[in-house]
Engineer: 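Mind looking over this structure? Questions follow.
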Amino acid sequence: MHKLVVNPDTADAWEIELKSGFNSIGRNPENDVWIAHASISSVHCQIAVTEQGASIKDLGSTGGTFINDLLMEEAPLAPGQLIRLGEVNLRFEPDLSEWADPLTANTSPAAASQSACNVCKFHPKAVARYLCPQCEAVFCDLCITRRNEHGALRKFCRTCGGECSAIKVRSAASASSPTFARQISGAFAYPFKADGVILLVAGTIFYVVLSFVAAHAAILGLGVMLFGTGYLISYYQRILLSSATGQASMPDWPDFTSLGDFVAPVLQFIVTALFAFGPFLALTNFAPPDAPWRLWGIGGAIILGGLYFPMAFLAVTMADSLSALNPLIILPAILKIPAGYLLMVILTVAIVGAGSFGELLLARWLAVPILPSLMSEFLTLYLGTVVMRLLGLLHWTNKADLAWFRQ
């Protein structure tokens with residue numbers, strides 16, 4: 001018999017047996033599964049148990065249904081998966097003697113695990129939204145093809161041609177209708193949630209050591225700085241992506257398995273910056289020094305670049321592709337959410353300016369060896385994390401308007 005463990009790994013843990021078919025869960029005693037907690041809606045969600053496995057579907061709850069900290073509308077369940085309903089934690093524990101697969105009877109446990117964490121097979125920074133039962137893998141929107149057959153839009157795997165089924169990721173905006181402005185204050189506390197403090201402290205020490213090596217190792221220092229920059233940008237992209245998909249806590253530091261894992265983020269960042277600030281660089285280097293319009297042109301190019309870059313970086317990170325730099329994607333996105341985006345840009349400029357001013361003050365006032373470097377690196381990581389959180393929240397709270405990824 002499949003079961004749920006409420007408050008797993010605590011002294012208050014208790015078990016719920018799931019019947020075959022549909023199991024409604026909520027605060028109302030008339031549900032199949034009754035959990036009397038204020039954060040759970042009267043009819044919160046539903047778990048379907050079939051011969052092929054189990055799946056969970058949110059029923060319009062207020063507090064949301066989370067799978068492994070990701071807000072979901074509907075998703076398959078894998079063995080040992082963590083579920084959060086409002087503020088109540090549960091663990092799904094199937095009867096393995098009866099277990100087929102949560103996705104399809106022929107899908108491997110590896111595919112179930114990959115689907116559970118919503119990571120695309122080919123774009124590890126992109127959210128997986130489709131499952132291919134033939135490849136036993138999950139993919140993002142870029143990795144499928146769409147064909148209109150008999151008036152119905154069907155999705156197919158680019159690798160094997162098999163028809164894909166959708167993994168529905170619930171828009172967090174539908175859970176509590178948050179606005180970007182209401183999320184701003186929480187972004188400044190975000191780096192200190194869960195293991196965030198440990199990650200910030202460990203990252204601070206890591207980058208102080210890297211900076212020391214880079215400053216005293218000549219040619220080796222260039223490689224060290226490239227690695228450190230790529231690693232940091234990759235981590236910032238993970239923060240942005242997790243925030244853009246509704247996750248509440250900071251992600252772990254990335255694991256690199258090849259040279260391209262940290263070269264690619266650097267290239268994405270550099271190309272995005274060059275694309276946004278290309279006019280500024282061109283005017284600075286090639287405009288006639290005595291031209292009366294030179295200063296106005298340079299100033300305008302800086303403003304345009306500053307307006308274009310945040311949305312461009314968000315789009316490139318979400319798609320994990322430089323093709324997202326297309327102005328036909330970026331400019332309409334900005335115009336769809338002008339007020340929220342302008343607020344985001346102003347906050348970014350203010351945070352970057354405050355960080356630069358803070359580093360100058362630290363260097364001048366703290367005469368203790370190493371301490372200024374430690375404080376400066378900590379401040380840089382903290383403020384960078386806040387900016388990425390805000391940029392991710394911009395997408396999260398305006399997902400329906402941006403409509404970059406449609407089912």
Side-chain angles (χ1 to χ4, degrees), residues 64 69-71 118 125-127 129 140-141 169-191 193 196 233-251 265 268-269 272-273 275-277 303-322 324-355 382-406:
D69 234 5
L70 181 65
L71 188 65
N118 278 56
K125 294 191 293 291
V127 177
R129 296 178 182 275
C140 66
D141 294 76
V169 181
R170 184 184 179 191
S171 170
S174 66
S176 56
S177 300
T179 63
F180 177 67
R182 290 171 57 186
Q183 303 298 313
I184 291 173
S185 59
F188 288 89
Y190 167 78
K193 290 184 177 180
I233 294 174
S234 180
Y235 185 55
Y236 281 161
Q237 287 181 326
R238 294 188 71 170
I239 294 171
L240 189 157
L241 187 61
S242 66
S243 299
T245 53
Q247 297 187 41
S249 56
M250 288 178 64
Q268 286 184 349
F269 182 84
T272 302
F275 195 91
F277 293 99
I303 294 174
L304 289 175
L307 289 172
Y308 197 90
F309 180 79
M311 185 65 79
F313 186 70
L314 172 62
V316 168
T317 299
M318 294 293 294
D320 196 22
S321 171
L322 289 171
L325 285 174
N326 189 340
L328 296 177
I329 297 175
I330 305 303
L331 296 180
I334 294 174
L335 294 176
K336 287 177 181 177
I337 51 171
Y341 186 67
L342 181 60
L343 179 58
M344 168 67 214
V345 172
I346 293 173
L347 285 170
T348 300
V349 172
I351 290 170
V352 171
Y382 169 75
L383 294 178
T385 299
V386 171
V387 170
M388 292 300 106
R389 176 65 173 174
L390 288 170
L391 196 53
L393 289 174
L394 182 71
H395 177 272
W396 179 51
T397 53
N398 295 280
K399 180 180 177 181
D401 292 327
L402 293 173
W404 281 344
F405 304 105
R406 295 185 182 273

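For reference, positions follow the sequence shown, starting with 1. Quick caveat, the model's predicted, so the values are computed rather than measured.
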Engineer: What closest approach, in Å, do Pro310 and Val345 show between heavy atoms, and which atom pair accounts for it?
Structural biologist: CG-CG2, 4.3 Å
Engineer: Give, for atom OG1 of Thr272 and atom CZ of Phe277, the distance between the pair rounded to the nearest 0.5 Å.
Structural biologist: 11.0 Å
Engineer: Relative to the ring of Phe313, is the ring of Phe269 parallel (under 30°), tilted (30 to 60°) or perpendicular (over 60°)?
Structural biologist: perpendicular
Engineer: Please enumerate all residues that pass side chain to side chain contact (heavy atoms under 4.5 Å, CB included) together with Ile303, with sequence neighbours excluded.
Structural biologist: Leu307
Engineer: In chain order, what residues pass the side chain to side chain contact (heavy atoms under 4.5 Å, CB included) check against Ile337, with sequence neighbours excluded?
Structural biologist: Met311, Tyr341, Leu394, Asn398, Asp401, Leu402
Engineer: With sequence neighbours excluded, tell me which residues meet side chain to side chain contact (heavy atoms under 4.5 Å, CB included) with Ile184.
Structural biologist: Phe180, Phe188, Leu343, Leu347, Leu390
Engineer: Below 4.5 Å, heavy atoms only, C-beta onward: do Val386 and Tyr190 meet side chain to side chain?
Structural biologist: no
Engineer: What residues, two or more places apart in sequence or in another chain, satisfy ring-ring contact (aromatic ring centres under 6.0 Å, His included) together with Tyr236?
Structural biologist: none
Engineer: Given side chains that start at C-beta, do those of Val387 and Leu240 come closer than 4.5 Å, heavy atoms only?
Structural biologist: no
Engineer: Looking only at heavy atoms, which two atoms of Pro191 and Thr385 are closest? And how far apart?
Structural biologist: CG-CG2, 3.8 Å
Engineer: Measure across Ala244 and His395 and return the closest heavy-atom pair with its distance rounded to 0.1 Å.
Structural biologist: O-ND1, 3.4 Å
Engineer: With rounding to the nearest 0.5 angstrom, report the CD1 to OG1 distance, Ile239 to Thr317.
Structural biologist: 11.5 Å
Engineer: Heavy atoms only: give me the nearest Ile233-Pro265 pair and the separation to one decimal.
Structural biologist: CG2-O, 3.6 Å
Engineer: Tell me every residue that passes ring-ring contact (aromatic ring centres under 6.0 Å, His included) with Tyr382, counting only those two or more places apart in sequence or in another chain.
Structural biologist: Phe192
Engineer: Let me confirm one number: the CG-CD1 distance from Leu383 to Ile351, rounded to the nearest 0.5 Å.
Structural biologist: 6.5 Å
Engineer: Could you pull out all residues at least two apart from Pro332 that satisfy side chain to side chain contact (heavy atoms under 4.5 Å, CB included)?
Structural biologist: none
Engineer: Kindly give the heavy-atom pair with the smallest separation between Gln268 and Ser321, and that separation in Å.
Structural biologist: NE2-N, 4.2 Å
Engineer: To the nearest 0.5 Å, what is the distance between CG (Leu342) and CD1 (Ile334)?
Structural biologist: 10.5 Å
